[in-house]
Amino acid sequence: MGNGIFGNQNPSVKNYLDNLNESQRAAVTHQEGPMIIIAGAGSGKTRVLTYRIAHLMAQGIDPFNILALTFTNKAAREMKNRIATVAGPEASNLWMGTFHSVFARILRAEADKLGFPSSFTIYDTQDAQRLIAAIIKERQLDKEVYKTKQVLNRISSFKNSLITVRAYQNNPELIQADRMAKRPKMGEIYAEYVNRCFKAGAMDFDDLLLRTNELLTRFPAVLYKYQDRFRYILVDEYQDTNHSQYLIVRALADRFQNICVVGDDSQSIYGFRGANIQNILHFQRDYDQAAIFKLEQNYRSTGNIVRAANSIISRNETKLDKEVWTQNAAGGKIKIMRTYTEADEGRFLANSIFDNRMNQQIKYSDFAVLYRTNAQSRAIEDALRKKNIQYKIYGGLSFYQRKEIKDILAYLRLLINPQDEEAFKRVINYPMRGIGATTLDKLFVAANHYQKPVFDLISSLDEIDIKLNAGTRTKITDFVTMIRHFQIVASEKNAFEVAELVVKKTRILADLEKDGTPESVSRVENVQELLNGIKDFIEVQTTKDREASLAVFLEDVALATDFDLEKEDSSPRVSLMTIHLAKGLEFPYVYIVGLEENLFPSAMSMNTRSELEEERRLFYVALTRAEKQAYLSHAQTRYRWGKLIDCEPSRFLEEIDEQYTEHLSPARQPAQGNQFVDKSLFSQTPPDKIRFKKPLRRGPEKKASPPKKPPFVPPRNLTRVSQASGTSDQLLDSNLSVGMAVSHRKFGRGRVLSITGSAANRKAEIEFNTVGVKKLLLQFAKLTIIG
DNA sequence: TGCACCGATGTTTTT
DNA sequence: CATCGGTGCA
């Protein structure tokens with residue numbers, strides 16, 4: 001996305017067509033009928049898409065009749081901005097957004113037809129999980145067998161394949177499959193889950209698509225309306241659409257057939273979430289007479305990167321015929337680095353970024369570190385922090401998923417949609433007001449009995465036959481009164497004022513402030529930030545409708561992950577993110593870390609060929625983010641779930657044609673100022689002669705080879721034992737000896753009784769003054785020597 | 001009813 | 001190691 005250092009074609013309003021190469025221009029100017037654009041990595045896909053929309057408008061197509069669907073809010077926002085620069089302010093009339101946000105909006109408008117309130121809540125994954133967990137518990141099913149996450153995943157895949165509860169019940173194969181998996185109650189749970197969501201006036205992410213399909217199928221007039229409205233439909237990242245999305249697009253495009261899809265089968269990386277790569281592979285079968293355009297020239301990356309990436313992806317069987325090429329200079333070879341531990345990996349990367357920035361006179365924002373799993377970011381953060389390198393993490397748990405934020409949002413949700421059961425459960429006793437589990441149980445039993453939403457029930461508590469003592473009754477009615485009050489205010493004031501009132505009245509802030517831990521201080525700040533965020537939102541919001549504004553805000557929040565309050569003016573930062581999140585982005589310098597078997601490719605994705613191919617595509621995506629230089633690194637040992645494990649280099653490393661790669665010898669990374677011993681010197685493989693053992697057997701099973709002994713690490717002769725370096729924890733264990741007095745963060749002071757084991761297993765028995773004798777793994781124990 | 005502590009459990013990737 | 005849910009005590 002964007003103009004990379006190689007994309008110095010400058011868009012101008014007038015002769016925008018001159019900024020395109022031949023195939024790009026052909027794709028932009030082709031007007032009527034179905035078409036598919038196969039866009040290789042870095043081939044100017046976004047440019048074509050934006051110009052195409054601008055071109056349609058230039059041909060006199062009303063932007064009102066154009067629908068453009070993207071996968072992320074960020075992509076939508078960026079594209080909208082770029083269209084505006086080419087086509088002018090008129091562009092604001094076109095519908096552009098993610099599948100989820102566009103159809104959420106349509107569903108709101110048509111909600112009554114499906115029996116939902118137009119103010120329906122959107123359940124996020126956490127809400128959905130809690131509901132599933134509750135259902136499993138109510139039915140007293142074994143939670144070892146019915147794991148909430150697995151159950152939710154299964155339900156999600158049903159929905160994405162348009163298998164409704166009824167379809168499930170009529171499908172003996174599915175029922176049989178669940179029986180075989182020892183989960184015969186799956187159908188029941190599914191039914192109950194859908195039912196409860198309906199009663200709560202809530203839709204989960206998958207429902208936004210599934211219910212849209214329902215809407216378009218059951219109500220031909222509605223379908224007709226939107227077909228007529230969206231005469232030109234464009235879909236970005238088509239390779240990542242699932243069946244549900246596929247059907248929506250098909251239905252909407254059916255009348256005018258002006259459907260333009262853009263994608264790259266080599267970048268299909270969302271199979272785990274139901275994306276169906278067949279959608280793109282079979283487009284021409286689905287729409288006969290579909291025109292096909294291929295964008296194969298890469299403007300983004302160096303020759304080495306492009307060709308290396310090709311050499312990887314060529315190993316996949318499932319792919320469309322295309323060949324990405326570039327005119328760009330070959331550039332540097334891809335650098336491969338092996339380190340001993342993940343901490344070394346982080347250090348390597350921090351040093352390398354630091355040096356590159358100095359030598360190349362570039363900004364930290366020109367660098368990105370990409371990893372397979374979010375958990376990997378920790379070691380990297382540590383290393384960057386120690387080097388004082390500014391970074392920004394994308395993804396992970398978003399701001400809006402923090403507990404304190406979700407709690408406040410739950411109040412807002414509840415007052416907009418009192419049926420929202422998950423919101424209710426969140427806030428009924430937070431901050432604590434003495435309505436505990438026992439009372440809640442009674443309420444839910446009664447609600448079930450009277451077939452009413454709980455909030456309705458407690459709104460008219462006197463009419464209900466229920467055993468509660470007087471004190472509890474008052475507490476409940478007080479709660480109802482408070483929510484009612486919020487609702488009245490919400491109809492008169494804007495979202496910010498309401499939120500402010502909620503925070504004040506519920507005394508959430510006071511509750512957080514009172515325990516004064518550093519943790520709660522940051523929570524208070526978060527709440528403050530939320531209020532600021534709502535204020536910003538109000539100012540941008542064009543809608544005059546007050547009530548709508550709060551609902552729209554909640555919707556944005558539910559569907560936004562990259563909503564993150566980007567600080568424009570802050571200093572340039574290194575970007576840290578998962579590869580999935582990096583799709584569509586580009587950076588001059590890219591570091592891909594953790595290239596190890598069972599991590600990347602993930603151990604969960606090595607069972608079938610197609611899973612492995614998806615991992616390979618993921619690697620392809622990662623590599624093609626780089627414009628100028630790519631680094632690949634892998635560690636020989638890594639902590640996973642708290643244990644140190646040996647890691648083998650990823651098979652992907654040997655899949656790259658070696659003429660494009662170069663191995664950095666760890667020995668060349670001098671240990672700076674004797675800060676740490678270069679442990680790789682003592683590993684089994686000589687550093688200058690790196691060989692990759694091909695795993696003999698593939699699969700997630702445990703390694704057959706006996707665990708390698710930790711390599712011998714000679715006693716380090718450390719003349720200076722300053723804590724100045726970032727490696728004091730490493731120094732510690734070799735310095736620790738029997739009889740020393742130490743101090744522990746939690747246990748206080750104590751004396752070392754004995755030390756056993758070596759390397760990762762090194763343990764100390766310590767007698768603490770307060771808590772007695774403890775055995776601690778030195779890896780984790782944060783001990784300070786005090787004498 | 002509330003709180004503190006314990007143990008189990010978990011890591012793919014996201015709208 | 002972090003988070004969560006459960007349990008047992010005040």
Side-chain angles (χ1 to χ4, degrees), chain A residues 69-76 97-104 122-126 128-130 133 137 143-144 147-150 153 156 159-160 203-209 237 240-242 244-245 268-275 370-379 394-398 401 403 429-440 469 471-472 475 515 555-563 577-583 594 598-606 611 614-615 617-619 621-622 638-645 700 746 777 779-782:
Chain A
L69 296 168
T70 62
F71 259 77
T72 63
N73 300 299
K74 192 171 174 194
T98 65
F99 273 92
H100 295 268
S101 67
V102 166
F103 295 116
I122 297 172
Y123 274 179
D124 69 10
T125 312
Q126 200 186 22
Q129 268 182 32
R130 288 178 174 216
K137 199 168 178 185
K143 63 177 183 177
E144 293 306 308
K147 304 224 176 194
T148 46
K149 266 188 193 161
Q150 285 174 18
N153 274 337
S156 171
K159 288 184 177 176
N160 286 328
M203 297 199 198
D204 66 18
F205 289 139
D206 304 315
D207 285 333
L208 295 177
L209 306 173
E237 311 280 16
D240 288 328
T241 50
N242 62 32
S244 198
Q245 291 164 321
S268 164
I269 55 175
Y270 283 103
F272 70 92
R273 160 178 129 186
L370 308 181
Y371 34 82
R372 179 67 235 272
T373 67
N374 281 307
Q376 286 168 260
S377 71
R378 183 171 302 258
Y394 292 82
L397 50 152
S398 99
Q401 295 182 30
K403 186 185 176 309
N429 200 28
Y430 177 82
M432 269 172 309
R433 48 176 75 88
I435 305 175
T438 322
T439 311
L440 267 186
N469 56 43
T472 313
K475 287 170 191 162
D515 63 3
E555 179 177 306
D556 274 11
V557 163
L559 297 176
T561 44
D562 61 359
F563 198 100
M577 64 185 93
T578 63
I579 299 166
H580 283 86
L581 233 49
K583 195 176 67 165
N598 293 325
L599 180 58
F600 192 17
S602 158
M604 329 289 281
S605 308
M606 301 201 300
E611 281 177 343
E614 178 152 316
E615 292 285 306
R617 290 193 294 268
L618 194 54
F619 183 45
V621 168
R638 180 179 297 276
Y639 283 101
R640 270 182 107 177
W641 40 87
K643 275 204 299 245
L644 189 71
I645 56 155
K746 250 203 197 121
L777 263 187
Q779 300 279 357
F780 303 124
K782 288 181 179 124

[X] [atom1] - [N] [atom2] separation (whole Å):
{"X": "F103(A)", "N": "dT15(B)", "atom1": "CZ", "atom2": "P", "answer": "17 Å"}
{"X": "R638(A)", "N": "dC1(C)", "atom1": "CZ", "atom2": "P", "answer": "18 Å"}
{"X": "F272(A)", "N": "dT13(B)", "atom1": "CZ", "atom2": "P", "answer": "8 Å"}
{"X": "K74(A)", "N": "dT14(B)", "atom1": "NZ", "atom2": "P", "answer": "14 Å"}
{"X": "I269(A)", "N": "dT13(B)", "atom1": "CD1", "atom2": "P", "answer": "13 Å"}
{"X": "L618(A)", "N": "dT12(B)", "atom1": "CG", "atom2": "P", "answer": "14 Å"}

Checklist outcome for this item: Hits for side-chain hydrogen bond (donor to acceptor under 3.5 Å, both in side chains) against Q150(A), two or more places apart or cross-chain, chain-then-number order -> R183(A)
Pairs: protein N or O with nucleotides 3-5 of chain C N or O, under 3.5 Å:
none

Checklist entry - Of the candidate nucleotides dT15(B), dT12(B), dA2(C), which contains the atom at the shortest distance from the side chain of T72(A)? => result dT15(B)
Next on the checklist: Nearest to the side chain of H100(A), heavy atoms from C-beta on, is which of dT12(B), dG2(B), dT15(B)?
Outcome noted: dT15(B)
Checklist entry - Base, sugar-phosphate, or nothing: which does N160(A) touch, judged by heavy atoms less than 4.0 Å apart? => result nothing
Checklist entry - Taking for each residue the nucleotide of DNA chain B bearing the nearest heavy atom, is the 5' side occupied by E611(A) or by S101(A)? => result E611(A)
All N/O pairs under 3.5 Å across the protein-nucleotides 5-11 of chain B interface:
unit_1	atom_1	unit_2	atom_2	d
dG10(B)	OP1	K147(A)	NZ	2.6
dT11(B)	OP1	K149(A)	NZ	2.5
dT11(B)	OP2	K149(A)	NZ	3.2

Checklist outcome for this item: salt bridge (Lys or Arg N to Asp or Glu O under 4.0 Å) filter on K403(A), not counting sequence neighbours, yields D407(A)
Checklist entry - OP1, OP2 of dT14(B) versus side-chain N and O of T578(A): anything below 4.0 Å? => result yes
Can you name the atoms? Protein N/O to nucleotides 8-10 of chain C N/O, anything below 3.5 Å, with the distance.
none

Item to check | Residue list, side chain to side chain contact (heavy atoms under 4.5 Å, CB included) with A104(A), at least two apart or on another chain | outcome: I122(A), L208(A), E555(A), L559(A)
